[in-house]
Amino acid sequence: MYYEELKTFVTLAEVKNFTKTAELLHLSQPSVSLHIKNLEKEFQTKLFVRSPKRLQMTPTGEMLYDRAKQMIALYEQTKQDILEHHHSVKGTLKIGASFTIGEYILPPLLFELQNDYPELELEVVIGNTKEIVELVRSFQADIGLIEGQTNEKELSVHAFMQDELVIVASNTHELVGKAEVSIADLQNQAWITREVGSGTREYFNHFIRSNGLKIKSLMIISSNQGIKEALIAGSALSLLSRSVVARDINHGHLSVLRLNYPPFHRTFSYIYSPIMANKKNVHVLLHALERKRGV
């Protein structure tokens with residue numbers, strides 16, 4: 001296809017001036033003349049009749065003019081369609097997410113991605129931080145979202161938001177009614193926490209050790225929802241993400257202790273293998289996470 005020649009021909013047919021055509025197309029005037037000669041040779045016809053005062057298309061030039069515009073439009077649309085095909089987001093994005101993120105932070109982002117990229121199939125696996133790190137390391141997940149720490153040197157780790165942890169209990173717990181709860185009040189209490197390998201459990205262990213707290217009893221449940229149900233049914237404390245208990249607090253099912261202690265904050269991170277860095281499907285999630293960045 002004589003794409004550049006056809007563009008030159010259409011422009012010349014519309015402005016009827018070689019000098020102006022050369023300026024509009026950023027060509028030299030000899031190049032414009034050469035393009036027209038190439039087309040006349042290709043179609044074996046005269047396209048323009050030239051005189052000192054005017055430039056007029058021949059009948060075959062008129063015939064080519066409309067079809068040239070169609071050919072140029074079809075070429076440019078085809079080129080755009082091919083570019084969009086190569087850059088389209090489709091296929092499957094496998095996401096590994098630790099419990100707090102997967103159950104309470106990720107769902108709204110999934111609906112955003114589904115609306116923006118309807119051809120993208122989203123597959124989410126939820127587990128504790130240790131499990132998610134292993135899924136990403138073994139390429140069973142394209143990207144992982146974790147709430148704990150990892151020293152896995154094969155993976156790239158990036159923070160994307162901060163999370164606040166709070167101590168919660170049922171509304172009938174003795175400490176809920178106190179205007180101010182001290183660390184001393186937390187001695188010899190019953191606690192419910194997540195399993196080893198969970199980011200929440202990691203922070204809980206740090207909190208207990210760093211404050212020298214003695215535990216009266218410890219119940220381990222590998223589910224945030226299970227912990228909340230146990231809190232409501234009994235008389236224990238738990239350290240959970242505010243995002244996990246926000247709805248329960250609003251509905252009056254649980255209460256946050258008014259602790260006389262600096263707020264607990266931790267960092268949520270996304271992890272991926274370096275070979276996934278250029279995968280289009282991974283990038284769309286990274287862009288969504290960057291919009292949530294709060295660290």
Side-chain angles (χ1 to χ4, degrees), residues 82-163 165 193-206 220-227 240-241 243-244 265-295:
I82 290 173
L83 285 172
E84 289 179 359
H85 173 77
H86 284 307
H87 291 87
S88 63
V89 177
K90 56 179 65 177
T92 303
L93 174 62
K94 296 180 180 180
I95 306 168
S98 55
F99 280 94
T100 299
I101 300 173
E103 293 176 339
Y104 299 94
I105 305 297
L106 186 58
L109 288 179
L110 295 178
F111 278 103
E112 286 181 23
L113 291 177
Q114 189 177 61
N115 289 332
D116 292 341
Y117 307 100
E119 293 185 85
L120 180 63
E121 182 178 319
L122 300 168
E123 183 179 318
V124 180
V125 178
I126 297 176
N128 63 40
T129 294
K130 184 179 180 181
E131 291 167 341
I132 299 307
V133 169
E134 179 56 29
L135 286 177
V136 175
R137 193 193 66 77
S138 60
F139 305 108
Q140 295 178 68
D142 299 322
I143 186 170
L145 309 176
I146 61 172
E147 58 205 63
Q149 301 294 320
T150 178
N151 295 318
E152 185 60 62
K153 295 180 180 179
E154 297 177 21
L155 303 179
S156 183
V157 183
H158 304 269
F160 71 90
M161 70 174 287
Q162 280 195 324
D163 179 50
L165 291 156
T193 188
R194 290 282 306 282
E195 76 285 1
V196 173
S198 158
T200 301
R201 174 61 179 272
E202 182 181 310
Y203 197 98
F204 170 78
N205 289 345
H206 170 73
I220 298 169
I221 301 178
S222 60
S223 159
N224 290 320
Q225 188 60 39
I227 291 175
L240 293 172
S241 168
S243 60
V244 169
H265 288 110
R266 62 178 174 176
T267 300
F268 286 161
S269 301
Y270 60 82
I271 60 174
Y272 58 86
S273 171
I275 68 171
M276 293 291 182
N278 294 320
K279 188 172 182 179
K280 287 180 294 183
N281 293 356
V282 170
H283 270 277
V284 299
L285 178 59
L286 295 185
H287 291 321
L289 292 173
E290 287 297 324
R291 292 197 295 269
K292 280 193 75 71
R293 181 182 289 275
V295 295

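With sequence neighbours excluded, the residues forming a side-chain contact (heavy atoms from CB on, under 4.5 Å) with V282 are L93, D142, I143, M276, K279, L286, listed by chain and number. Scored by the salt bridge (charged side-chain N to carboxylate O under 4.0 Å, His left out) test, K94 finds no partners at all (sequence neighbours excluded). Residues satisfying the side-chain hydrogen bond (donor to acceptor under 3.5 Å, both in side chains) criterion with T200, sequence neighbours excluded, are E147, R266. Under the rule for a side-chain hydrogen bond (donor to acceptor under 3.5 Å, both in side chains), the partners of S138 that lie at least two apart in sequence or sit in another chain are Q140.
Side-chain atoms of E290 and Y270, non-hydrogen and from C-beta on, do get closer than 4.5 Å to each other. Looking only at side-chain heavy atoms (C-beta outward), T267 and S269 come within less than 4.5 Å of each other.
Atom CD of E103 has more than 12 heavy atoms from other residues, nucleotides or ligands within 6.0 Å.
Summarising the geometry, atom OG belonging to S241 is positioned 5.0 Å from atom CZ belonging to F268; distances are rounded to the nearest 0.5 Å. Rounded to the nearest 0.5 Å, atoms CD1 (I146) and CG (L155) are 8.5 Å apart. A distance of 13.0 Å separates CG in L240 from CZ in F99, rounded to the nearest 0.5 Å. A distance of 12.0 Å separates OG of S223 from CG of N128, quoted to the nearest 0.5 Å. In this structure, S198 OG and N224 CG are separated by 7.5 Å, a value rounded to the nearest 0.5 Å. Atoms OG1 and CD1, from T193 and I221 in turn, are 9.5 Å apart once rounded to the nearest 0.5 Å.
Side-chain N or O atoms of S98 include none that pairs as donor or acceptor with a backbone N or O of T100 at under 3.5 Å. Side-chain atoms of R201 come within 3.5 Å of backbone atoms of R194 as a donor-acceptor pair (strictly under, hydrogens ignored).
Heavy-atom minimum distance, N281 versus G91: ND2-C, 4.2 Å.
Sorted by first and then second residue, the salt bridge (charged side-chain N to carboxylate O under 4.0 Å, His left out) pairs involving residues 125-138 (not counting sequence neighbours) are E134-R137.
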Name every donor-acceptor pair, under 3.5 Å, that has one atom in a side chain of residues 104-126 and the other anywhere in the protein, sequence neighbours excluded.
unit_1 : atom_1 : unit_2 : atom_2 : d
Y104   : OH     : K228   : NZ     : 3.1
E112   : OE1    : R291   : NH2    : 3.3
N115   : ND2    : F111   : O      : 3.2

Q.
Test side chain to side chain contact (heavy atoms under 4.5 Å, CB included) on F139 and I275; report intermediate values, then the result.
A. CA-CA 10 Å; F139 305 108; I275 68 171; 3.4 Å; yes
